[in-house]
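This report concerns only the one structure given below.
The sequence lines fix the lettering, A, B, ..., with proteins before strands; numbering per chain opens at 1.
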Amino acid sequence: MQLTIVTDLNKCVGCKSCQVSCKEHNTSGAYGPVPDAHPRADVDGMWWNRIVTMESGAYPNTSVMYLPKACMHCYDAPCVPVCPTGASYKREDNGVVLIDYDSCIGCQLCMWACPYGVREFDEEEGVVKKCTLCIDRLEDESLPEVERQPACVQSCPTHARTFGDLDDPTSEVARLVSTRQGFGLLPELGARPSVHYLPRRPEPPRVDKETLEKVMAERYE
Amino acid sequence: MKPAPQLLVLTLGQGLAGGMTASVGFLASIGGLNHRLALLLLGAALFCAILGGGASFFHMHHFSAARYILRRLKTSWLSREALTTGLFGGTLFLLTVATVWGRLALNSPLYIALAWLVTFFGLVAIFVTAMLYASIPAMLSWHSPVTVLNLLAVGLLGGSGWGGFFGMVEHGPSGQLAAAVAIFLVVTGAVKAFQWHVFSLARHRIRATTGFGLPFAPYRLQDSGTTRAPYRTQTQVHPVISDGLRLRMAVVTAIFLTVLPIVLVILSQIAAEWGWMLGAAISITLGSIFERWLFFADATHSSRVFFADEPREASRVAEPVMRGRLS
Ligand code: SF4
Ligand code: SF4
Ligand code: SF4
């Protein structure tokens with residue numbers, strides 16, 4: 001089993017609900033692992049899920065894209081074998097990559113090994129932290145069935161995020177990846193991320209031909 | 001990435017200690033070792049090893065978990081580093097004690113064998129530390145065999161520089177020592193030049209195409225999720241140094257690590273004065289510090305693709321495609 005999240009980049013509007021709900025869920029209660037120890041000195045603090053906003057292409061053919069980026073719960077997670085103490089590990093039963101804070105020495109080697117920049121160092125506790133795929137929610141039997149999913153998936157207003165088992169060919173995530181050409185980030189680095197994204201469908205340019213030709217003439221001739 | 005002072009001291013101390021121990025092995029093999037010279041070199045090597053070992057300890061931030069550090073010997077180069085650096089430090093300490101004790105003839109086969117054995121442990125420790133950096137595909141600048149060559153070459157150069165100085169002070173075979181320093185100077189210069197080329201290739205491997213699934217460069221980062229990139233919590237994406245600073249540091253490194261020492265080593269042989277060799281050893285050590293700072297500060301991590309724009313270059317592939325689409 002490999003639990004994962006698939007995000008449809010056509011539906012994500014960059015509202016950052018998932019980013020905020022991740023932080024809210026993981027800092028709420030008496031104890032939360034996402035620290036904000038110095039909110040005035042460091043306004044950002046730690047985030048396990050960051051929505052990156054990109055503008056791509058050259059004028060007039062530009063577009064903006066939002067990319068929610070948290071741990072990819074990689075199949076061949078490079079952060080796991082480098083860890084000297086075994087604090088970083090991948091669960092065999094569901095494929096979730098987790099960190100045991102009690103045995104982490106804070107060497108940050110896993111932060112270097114992760115290609116995606118999703119592990120964050122907690123200076124206060126001296127350990128590295130990251131997205132847990134909300135394992136505490138998934139395994140909390142006191143929660144109603146509908147709540148047993150990651151906070152970021154549940155909070156998405158456009159339903160851009162889908163949660164499920166990628167190794168089960170009948171699951172919704174497997175169907176989306178196989179039928180909609182789901183892709184993983186930075187495949188050349190060999191981590192085999194389980195988190196996938198559904199590519200954006202190209203939109204035709206909305207400027208008229210004359211303007212376009214004028215711009216192209218200015219630019220390239 | 002952010003150069004951590006602990007890692008600078010660890011890698012430099014370990015390299016110098018390995019290089020100085022190699023000098024002891026070399027001098028013992030050619031019959032040029034006397035008791036004071038051996039003590040000076042081993043004492044200095046031990047000092048550097050202790051400095052490096054101490055620094056590596058403080059690179060941990062959660063000491064109570066330190067007892068688990070050897071758990072992943074099978075896969076983690078950091079576990080292996082803790083083991084091999086400890087082994088090197090321990091055997092170096094024993095060799096120093098045996099030398100102080102003075103019962104072992106310094107040019108005897110047993111002493112020579114022991115000196116080379118400790119040198120071997122030293123080189124293995126440097127190799128393992130270098131592999132820790134070289135085996136991470138996401139560290140685009142370091143993921144290359146050149147990293148291993150670089151750490152070994154700079155360590156041996158630093159050690160041989162101090163070996164040359166102590167050798168001249170204690171009337172050792174200065175010609176051979178100077179020749180050894182000269183060889184390492186040339187090798188280090190070549191390796192360093194090649195490594196800077198690898199670093200420059202790595203800077204240009206930051207690609208939106210695979211980082212975002214975006215077909216067309218250039219792209220512009222509008223927002224990395226928070227008010228600024230996570231430089232505080234993700235040290236591997238610490239802002240890249242400017243082109244000017246990179247160039248200045250490379251020039252200073254080249255001068256101190258190779259150019260100036262070559263001149264000083266030649267002068268030391270012409271004037272038969274150890275002062276010139278002391279200058280060469282100090283210059284090499286300073287050059288090694290600048291080199292190591294640049295090694296960390298200028299390293300490109302793949303995750304920078306999500307936190308900074310890729311280098312601005314016109315795409316020779318995309319432009320005709322764009323033209324075709326638009327016409
Ligand atoms: S920082 Fe912690 S989890 Fe990461 S490699 Fe070091 S010990 Fe393992
Ligand atoms: S995304 Fe990074 S932290 Fe998460 S499993 Fe992959 S390598 Fe490890
Ligand atoms: S799965 Fe949970 S921990 Fe991971 S990004 Fe989503 S809300 Fe955050």
Side-chain angles (χ1 to χ4, degrees), chain A residues 9 16 19 42-47 49-58 61 64-65 67 69 78 81-87 102-109 111-123 125-127 183 185-190 197 199-200 205 212 216 220, chain B residues 1 59-66 68-72 74-79 81-82 132-133 135-139 208 210-228 230 232-237 301-307 318-319 322-323 325-327:
Chain A
L9 298 180
K16 298 195 183 176
Q19 179 168 332
D42 181 12
V43 286
D44 292 335
M46 183 185 285
W47 297 82
N49 185 15
R50 289 169 187 268
I51 316 308
V52 187
T53 308
M54 299 296 305
E55 185 190 33
S56 75
N61 215 8
V64 173
M65 182 180 96
L67 187 98
K69 183 174 68 75
V82 299
C83 175
T85 62
D102 289 337
S103 52
C104 172
I105 54 170
C107 65
Q108 303 167 44
L109 190 54
M111 260 166 56
W112 300 0
C114 168
Y116 304 104
V118 295
R119 290 186 161 239
E120 308 236 339
F121 183 58
D122 180 344
E123 288 169 331
E125 290 182 42
V127 299
F183 67 96
L185 305 181
L186 298 173
E188 71 274 25
L189 295 174
Y197 297 88
R200 290 190 311 159
L212 214 51
M216 293 307 283
Y220 298 114
Chain B
M1 69 172 280
H59 187 54
M60 288 190 294
H61 293 82
H62 189 212
F63 297 118
S64 62
Y68 304 124
I69 194 139
L70 297 180
R71 258 192 195 164
R72 282 255 180 90
K74 219 168 152 187
T75 60
S76 170
W77 285 100
L78 187 50
S79 279
E81 184 192 42
L132 189 156
Y133 301 123
S135 62
I136 300 174
M139 291 297 324
T210 56
F212 288 87
L214 291 169
F216 294 124
Y219 73 89
R220 288 159 300 281
L221 186 76
Q222 290 190 336
D223 174 1
S224 61
T226 45
T227 50
R228 61 176 191 154
R232 196 182 170 98
T233 51
Q234 295 196 30
T235 47
Q236 85 286 357
V237 291
H301 190 267
S302 60
S303 62
R304 268 188 51 78
V305 73
F306 305 112
F307 301 120
E319 202 162 288
M322 297 269 280
R323 266 170 185 270
R325 280 201 166 188
L326 297 171
S327 60

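Only the backbone of Ile51(A) comes within contact range of chain B, with heavy atoms under 4.5 Å apart. Using a 4.5 Å cut-off between heavy atoms, Phe183(A) touches chain B through its side chain atoms alone. Contacts between Val118(A) and chain B at a heavy-atom distance below 4.5 Å involve the backbone alone (N, CA, C, O). Only the backbone of Arg119(A) has a heavy atom closer than 4.5 Å to any heavy atom of chain B.
His62(B) contributes no side-chain N or O that, together with a main-chain N or O of Glu125(A), makes up a donor-acceptor pair within less than 3.5 Å.
The shortest side-chain heavy-atom distance between Glu123(A) and Arg232(B) falls under the 4.5 Å cut-off.
The two residues Ala138(B) and Ala113(A) make their nearest non-hydrogen contact at CB-O, 3.7 Å. For the residue pair Phe307(B) and Arg50(A), the shortest heavy atom distance occurs at CE2-CD, 4.3 Å. In terms of heavy-atom proximity, Ser303(B) sits nearest to Tyr116(A) at CB-C, 3.6 Å. Residues Leu78(B) and Pro84(A) share a closest heavy-atom pair of CD2-CG, 3.5 Å. Looking at every heavy atom in both residues, Glu55(A) comes nearest to Gln222(B) through CB-NE2, 3.7 Å.
Using a 30° and 60° split on the angle between ring planes, His61(B) and Phe121(A) fall in the perpendicular class, above 60°.
Atoms CG and CZ, on Leu67(A) and Phe306(B) in that order, are 6.5 Å from each other to the nearest 0.5 Å.
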